[in-house]
Each structure stands twice: as C-alpha cells, then as structure tokens.
Engineer: 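Structure incoming, see below.
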Amino acid sequence: MASNLTLRRITNQGGKMKHKYLNLNMGLVKENFVITKREEMSIWKSRGFKKAKRYPVFRYIPKSSETIMLGKPLTLGQFGLEKLRNSKVIDFSPCMGTYGMGGPGFVGLKIEGDFGIRWIVYCIWMAGEHILLDDRVLECYPDFASTYKPWISYGDDYARSVDNLRKLLNGQIIKDIQLSHDDLSITLSEDHSVTHTICTHKMSDQFPEQGGTGKKRNSYDNGSMEEYWMIIYDGTELSV
C-alpha cells in the first residue's frame with residue numbers, strides 16, 4: 001500500500017475529470033486507490049475499480065507489472081449496518097489516509113465477516129482525538145495526556161501502546177452498531193462476559209483540546225456522522 005499521494009488532479013483539455021473516481025469529495029476523501037499487479041486487475045474491476053493511467057502517487061512509479069486503479073468507498077449506510085454485525089476485528093490502525101507528504105490521522109478497524117475483509121475508517125483529521133474506547137480517548141496532544149489519559153502514548157511508548165490497543169481489539173466481535181446524525185456507537189465482545197464500547201460524537205466534552213490552539217473542536221462541521229465513516233477494501237488507500 002502506498003503511503004503518500006500528491007494533490008495534483010488530472011484533467012483533460014476541457015477541464016473535465018478524465019476518471020469518474022477522481023475528486024470524490026466524500027467528506028475529506030478525494031480518492032480511494034490501489035496499486036495492483038496487472039494479473040489481479042480483473043479482481044479489482046469486479047470490485048468496481050477502474051484503471052487510472054496517470055494517477056500520481058508521491059515518489060512512486062509503478063513497475064511494468066503494476067497498475068493504479070481508483071474506486072469509490074461506501075458509507076456506513078451504503079454498506080449496511082446489519083452486515084457489520086457479527087464481523088470480527090482482525091487489525092487496527094491509528095494512521096490511515098494520506099495527503100501527499102504525510103497522513104491526516106484517520107483511524108481504522110480491519111474487519112472480517114461474510115462479506116470478506118474490509119476496513120471501516122473514520123475519515124476526519126486526527127480521528128483518534130475524537131474516538132472513545134470505554135470512555136477513554138484514543139489519542140491526544142502530549143500536553144494534555146495527564147488530563148485525558150489516552151490509550152495511545154507518544155514518544156518511546158508509542159509503538160508499544162498501539163500494539164497493546166491492537167491486541168485488545170483483535171478478536172473482538174461487533175455485537176451492535178448504532179448510528180445517528182451526530183453519534184456512532186459500536187459494541188464489541190469476545191466471550192460475552194466482557195464488552196467494550198467504541199463511540200464518537202460530533203462534539204463531546206470528553207474530547208481533548210487541539211495541540212495548536214488549545215481549544216476543543218467539532219469532529220466535523222458539515223454533514224452527518226455517516227458521511228465520515230468509510231468502508232474500503234483491504235490493500236487500498238484513501239487520499240485527502
């Protein structure tokens with residue numbers, strides 16, 4: 001999976017987009033791309049992806065055996081909440097997405113169910129600051145760590161804290177998922193005796209202040225919660 005993407009967009013002489021999946025404008029998400037082997041193109045075509053002849057991945061030139069394809073992610077509503085129930089968490093990432101020279105900090109759960117394997121991704125800037133696991137925020141700016149006690153630490157403990165969180169989440173089953181205009185709640189359980197809750201809101205006093213301003217912020221300003229949660233195929237990347 002590529003880690004970075006330039007912000008240049010591809011247009012034809014009339015100024016119209018050459019590719020139907022360029023500049024999707026799904027919240028922060030502009031494109032959903034994959035770099036695939038040519039012999040696997042038919043698999044991605046069956047998933048709705050289309051070849052992009054000159055899509056610019058930062059510092060990456062596809063090999064002769066590879067091609068870049070673009071698709072369109074699904075929102076939670078489009079995918080279907082019921083389909084997510086009883087799926088299993090098999091991985092976790094606090095650093096998904098790319099804007100070319102770095103990442104926006106999307107947070108994703110890799111899940112497996114009757115539908116196969118997908119990622120469910122919260123596509124807002126620094127999403128870990130706006131996700132609560134058992135009423136404890138995933139991340140926050142180091143200056144506020146003593147107040148919010150986030151799951152993920154910075155500095156030398158970062159990798160270990162992410163790994164510990166991954167171990168806690170892996171194997172958990174999505175027992176329920178509730179979505180409203182401004183809120184999302186996911187109930188997880190592995191053995192029915194212990195449950196965990198992942199939740200987020202458009203705004204909550206439990207969210208930490210921003211590092212730059214020292215002020216709290218909304219998770220997003222426009223639209224509804226559903227629009228910022230994307231379901232994508234494993235092996236693909238989201239660009240902003």
Engineer: Hey, does H130 have a side-chain heavy atom less than 4.5 Å from the side chain of K216?
Structural biologist: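 No - every pair of side-chain heavy atoms lies 4.5 Å or more apart.
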
Engineer: For the OG1 atom of T236 and the CH2 atom of W119, what is their distance to the nearest 0.5 Å?
Structural biologist: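 One gets 10.0 Å once the value is rounded to the nearest 0.5 Å.
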
Engineer: Here's a test for you: under side-chain hydrogen bond (donor to acceptor under 3.5 Å, both in side chains), which of Y148, Y154, W151 qualifies with E139?
Structural biologist: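 For E139, the side-chain hydrogen bond (donor to acceptor under 3.5 Å, both in side chains) test succeeds with only one of Y148, Y154, W151, which is Y154.
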
Engineer: Does atom NZ of K88 have more than 12 heavy-atom neighbours from other groups under 6.0 Å away?
Structural biologist: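 For K88, atom NZ is not crowded (no more than 12 foreign heavy atoms under 6.0 Å).
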
Engineer: Taking all non-hydrogen atoms of both residues, which atom of T75 and which atom of E226 are closest, and how far apart?
Structural biologist: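 What the structure gives for the nearest pair is OG1-OE2, 3.0 Å.
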
Engineer: Any heavy-atom pair between the side chains of K30 and S239 that's under 4.5 Å?
Structural biologist: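 Contact flag for S239/K30 side chains = yes.
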
Engineer: Does the distance from a Lys or Arg side-chain N to an Asp or Glu carboxylate O, for R166 and D91, drop under 4.0 Å?
Structural biologist: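 Judged by the 4.0 Å cut-off on N to carboxylate O distance, R166 and D91 do form a salt bridge.
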
Engineer: For a quick test of reading the model, state the closest non-hydrogen atom pair linking S161 to S153 and the distance between them.
Structural biologist: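 Here S161 and S153 meet closest at OG-N, 3.0 Å.
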
Engineer: Is the shortest side-chain N to carboxylate O distance from R160 to D157 below 4.0 Å?
Structural biologist: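 Between D157 and R160 there is a salt bridge, with a charged N closer than 4.0 Å to a carboxylate O.
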
Engineer: Under the criterion side chain to side chain contact (heavy atoms under 4.5 Å, CB included), I'd like the reasoning laid out for T36 against F49: C-alpha separation, chi angles, the key distance, then a yes or no.
Structural biologist: CA-CA 11 Å; T36 182; F49 282 69; over 6 Å; no

Engineer: So, are R118 and D234 salt-bridged, with charged N and O less than 4.0 Å apart?
Structural biologist: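 No, no charged N to carboxylate O under 4.0 Å.
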
Engineer: What I'd like to find out is whether the side chain of M69 reaches to under 4.5 Å of the side chain of K45, using heavy atoms alone.
Structural biologist: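 Touching, per the 4.5 Å side-chain cut-off.
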
Engineer: Taking the side chain as everything from C-beta on, heavy atoms only, tell me whether T195 gets closer than 4.5 Å to L188.
Structural biologist: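 Side chain of T195 against side chain of L188, heavy atoms only: no contact under 4.5 Å found.
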
Engineer: In terms of the angle between their ring planes, are Y99 and W125 parallel, tilted or perpendicular, with boundaries placed at 30° and 60°?
Structural biologist: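 Because their plane-to-plane angle lies in the 30° to 60° range, the rings of Y99 and W125 count as tilted.
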
Engineer: For the OH atom of Y141 and the OG1 atom of T213, what is their distance to the nearest 0.5 Å?
Structural biologist: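 Separation between the atoms: 11.0 Å.
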
Engineer: After noting the C-alpha distance and the side-chain angles of F207 and L132, does the key distance pass the side chain to side chain contact (heavy atoms under 4.5 Å, CB included) rule?
Structural biologist: CA-CA 8 Å; F207 295 159; L132 303 171; 4.1 Å; yes

Engineer: Are L74 and V29 connected in a single hydrophobic cluster, I mean Ile/Leu/Val/Met/Phe/Trp/Tyr linked by side-chain heavy atoms less than 4.5 Å apart?
Structural biologist: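 No, separate clusters.
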
Engineer: Looking only at heavy atoms, what is the nearest atom pair of I131 and W229, with distance?
Structural biologist: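 Taking every non-hydrogen atom into account, CD1-CH2, 4.4 Å.
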
Engineer: Considering only heavy atoms from C-beta outward, does the side chain of R85 approach that of K175 to under 4.5 Å?
Structural biologist: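 A side-chain contact under 4.5 Å is absent here.
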
Engineer: Using a cut-off of 6.0 Å, state whether more than 12 heavy atoms not belonging to K72 lie near its atom NZ.
Structural biologist: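 Incorrect, the count does not exceed 12.
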
Engineer: Nearest 0.5 angstrom please: I124 CD1 to S219 OG, how far?
Structural biologist: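 Rounded to the nearest 0.5 Å, the CD1-OG separation comes to 4.5 Å.
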
Engineer: So, K110 side chain and V89 main chain: donor-acceptor pair closer than 3.5 Å or not?
Structural biologist: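 No.
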
Engineer: As an exercise, state the distance from CG of L184 to NZ of K202, rounded to the nearest 0.5 Å.
Structural biologist: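 Answer rounded to 0.5 Å: 15.5 Å.
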
Engineer: When you measure from the side chain of E227 to the backbone N and O of G27, does any donor-acceptor pair fall under 3.5 Å?
Structural biologist: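 Side chain of E227 to backbone of G27, a donor-acceptor pair under 3.5 Å: no, none is there.
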
Engineer: Heavy atoms only: give me the nearest I152-P94 pair and the separation to one decimal.
Structural biologist: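 For I152 versus P94, the nearest heavy atoms are CD1-CB, 3.9 Å.
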
Engineer: How many angstroms lie between atom CD of E40 and atom OG of S65, to the nearest 0.5 angstrom?
Structural biologist: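 Atom-to-atom, E40:CD and S65:OG are 10.0 Å apart.
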
Engineer: Hey, any chance I174 and I90 share a hydrophobic cluster, counting ILVMFWY side chains that come within less than 4.5 Å of each other, even indirectly?
Structural biologist: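 Shared cluster, no.
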
Engineer: Flag yes if more than 12 heavy atoms outside N25 fall under 6.0 Å of its CG atom; otherwise flag no.
Structural biologist: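 More than 12 within 6.0 Å, yes.
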
Engineer: Start with the C-alpha distance between N170 and Q172, add both sets of side-chain angles, then the distance that settles side chain to side chain donor-acceptor pair (under 3.5 Å), and finish with yes or no.
Structural biologist: CA-CA 6 Å; N170 284 0; Q172 297 288 329; over 6 Å; no

Engineer: Considering non-hydrogen atoms only, spot the tightest contact between K51 and R38 and give its length.
Structural biologist: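 Shortest heavy-atom separation between K51 and R38 comes out as NZ-NH1, 3.7 Å.
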
Engineer: Give me the atom names and distance for the closest heavy-atom approach of D183 to H201.
Structural biologist: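 Answer, listing the atom of D183 first, then H201: OD1-ND1, 2.7 Å.
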
Engineer: How far does CD1 of I173 sit from CD of E112, to the nearest 0.5 angstrom?
Structural biologist: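 If we round to the nearest 0.5 Å, I173:CD1 and E112:CD are 9.5 Å apart.
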
Engineer: Do F92 and L238 belong together in a cluster built from hydrophobic side chains that touch within less than 4.5 Å?
Structural biologist: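 Different clusters.
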
Engineer: Show the numbers, then the answer: is there a side chain to side chain contact (heavy atoms under 4.5 Å, CB included) between L70 and N32?
Structural biologist: CA-CA 6 Å; L70 302 181; N32 179 204; over 6 Å; no

Engineer: I232 and M225: same hydrophobic cluster, using ILVMFWY side-chain contacts below 4.5 Å?
Structural biologist: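 No, it is not one cluster - the side chains of I232 and M225 are not joined through contacts under 4.5 Å.
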
Engineer: For residues M26 and P73, determine if any side-chain heavy atom of one lies less than 4.5 Å from a side-chain heavy atom of the other.
Structural biologist: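 With C-beta onward as the side chain, the pair touches.
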
Engineer: Using a strict cut-off of less than 4.0 Å between a Lys/Arg side-chain nitrogen and an Asp/Glu carboxylate oxygen, indicate whether K63 and E66 qualify as a salt bridge.
Structural biologist: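 No, K63 and E66 are not salt-bridged.
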
Engineer: Would you say the side chain of L109 lies within less than 4.5 Å of the side chain of L169, judging by non-hydrogen atoms?
Structural biologist: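 SC-SC contact between L169 and L109 confirmed.
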
Engineer: Assess the pair Y55 and F33: is the distance between their ring centroids shorter than 6.0 Å?
Structural biologist: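 Y55 vs F33: aromatic centres under 6.0 Å.
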
Engineer: Taking C-beta and beyond as the side chain, do F106 and C95 meet within less than 4.5 Å on heavy atoms?
Structural biologist: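 Side chain of F106 against side chain of C95, heavy atoms only: no contact under 4.5 Å found.
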
Engineer: I'd like to know if L165 and Y158 are part of one continuous hydrophobic network [Ile/Leu/Val/Met/Phe/Trp/Tyr, side-chain heavy atoms within less than 4.5 Å].
Structural biologist: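 Yes, because Y158 and L165 connect within a single hydrophobic cluster, where side-chain heavy atoms sit under 4.5 Å apart.
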
Engineer: Are the side chain of Y122 and the backbone N or O of G108 linked by a donor-acceptor pair below 3.5 Å?
Structural biologist: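 Checked: no pair found.
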
Engineer: Test side chain to side chain contact (heavy atoms under 4.5 Å, CB included) on N23 and E31; report intermediate values, then the result.
Structural biologist: CA-CA 6 Å; N23 204 17; E31 283 90 37; 4.2 Å; yes

Engineer: Quick check on the 6.0 Å ring-centre criterion: do F79 and F115 meet it?
Structural biologist: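 Here the rings of F115 and F79 have centres that are less than 6.0 Å from each other.
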
